[in-house]
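Here the structure comes first, spelled out in structure tokens, and everything after it is commentary.
Worth knowing before you read on, the calculation uses all heavy atoms, side chains too, and leaves out hydrogens, waters and symmetry mates. In what follows, chains carry the letters A, B, and so on, assigned in the order in which the sequence lines appear, proteins first and then strands, with residues in each chain numbered from 1.
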Amino acid sequence: SAVISQKPSRDICQRGTSLTIQCQVDSQVTMMFWYRQQPGQSLTLIATANQGSEATYESGFVIDKFPISRPNLTFSTLTVSNMSPEDSSIYLCSVGRFNGQGDTQYFGPGTRLTVL
Amino acid sequence: AQTVTQSQPEMSVQEAETVTLSCTYDTSENNYYLFWYKQPPSRQMILVIRQEAYKQQNATENRFSVNFQKAAKSFSLKISDSQLGDTAMYFCAFMKHGAGTYKYIFGTGTRLKVLA
């Protein structure tokens, strides 16, 4: 398994500002993922962040809006830029352990973002 | 494209009883994984159980077991001896395995309430 922490756990932000969410893992992992979960909805993958390469974004998500950093194997950040109320959501970080023996994703506790 | 369908938005069960949550999926892949995740009100996503598609034997984890029907593309979760702590949102997820691709597709979730 993996122990994952996220900061902040929640925030209330003003329209037009940006927020950076941090994700810290207790061990080195190759693959990290960022998801968005709107209230009462399922999870939607924003991007995959591998150390040493640029993040890969899913359809509907762009780097200018959601820049991601992955400086090392235990840390990543997601920035939500130029926020609008539609960005109000829970943002989840996850890590993948994919070794053919037990391919699984483990999730952080999430960051609840409210944009006014 | 893969899809995951959970047809039961909400369910309830009496404490100590058994409940089954349904999940169907659509894929043309042969190698993949299926998962059930639990998300309690605290919103931390917790892995409940994992099934490798190449395994015929149904996975079990204590009170949790699955009924995996590969031909029917069905993956239901059975919770035995339900406990109040089982109250949560349950998500079924599909992951394609291999060729460096590790993307999860989540269902829309089933909200389970265990009644005292």
query: Is the number of heavy atoms from other residues, nucleotides or ligands within 6.0 Å of CD (A:E54) greater than 12?
result: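 Atom CD in A:E54 is not packed in, count stays at 12 or less.
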query: Crowded around B:K78 NZ? As in, over 12 foreign heavy atoms under 6.0 Å?
result: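 No, NZ of B:K78 has 12 or fewer neighbouring heavy atoms, counting only those of other groups under 6.0 Å.
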field: Which atoms of A:I4 approach chain B - backbone, side chain, both or neither, heavy atom under 4.5 Å
entry: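 Interface part for A:I4: neither.
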- prompt: At a heavy-atom separation under 4.5 Å, does A:L45 approach chain B through its side chain, its backbone, both, or neither?
  reply: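 Interface part for A:L45: side chain.
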[X] [atom1] to [Y] [atom2] distance, which is reported to the nearest 0.5 Å:
X      : Y     : atom1 : atom2 : result
B:I105 : A:T44 : CD1   : OG1   : 9.5 Å
A:F107 : B:I46 : CZ    : CD1   : 11.5 Å
B:Q39  : A:S42 : CD    : OG    : 9.0 Å

- prompt: Is there a chain of hydrophobic side chains (I, L, V, M, F, W, Y, each step under 4.5 Å between heavy atoms) that links A:L73 to A:V95?
  reply: no
- prompt: Any sub-3.5 Å donor-acceptor pair from B:Y37's side-chain atoms to A:Q105's backbone N or O?
  reply: yes
statement: Greatest number of non-hydrogen atom pairs under 4.5 angstrom with chain A, of B:G107, B:G109, B:A93, falls to B:G107
query: Less than 6.0 Å separating the ring centroids of B:Y104 and A:F33?
result: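 No, the ring of B:Y104 stays outside the 6.0 Å limit from the ring of A:F33, centre to centre.
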- request: Mind jotting down which residue pairs meet the side-chain hydrogen bond (donor to acceptor under 3.5 Å, both in side chains) criterion with at least one end in residues 3-12 of chain A? Sequence neighbours excluded, please.
  value: A:Q6-A:T111
field: B:F91 portion near chain A, given a 4.5 angstrom heavy-atom threshold
entry: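 The side chain, not the backbone.
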- prompt: For B:Q6, is it the side chain, the backbone, both or neither that has a heavy atom under 4.5 Å from a heavy atom of chain A?
  reply: neither
ILVMFWY clustering at 4.5 Å (side-chain atoms), partners of A:Y57: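 Result for A:Y57 is A:L19, A:I21, A:W34, A:I46, A:F61, A:I63, A:F66, A:I68, A:L78, A:V80, A:M83, A:Y91, A:L113, A:V115.
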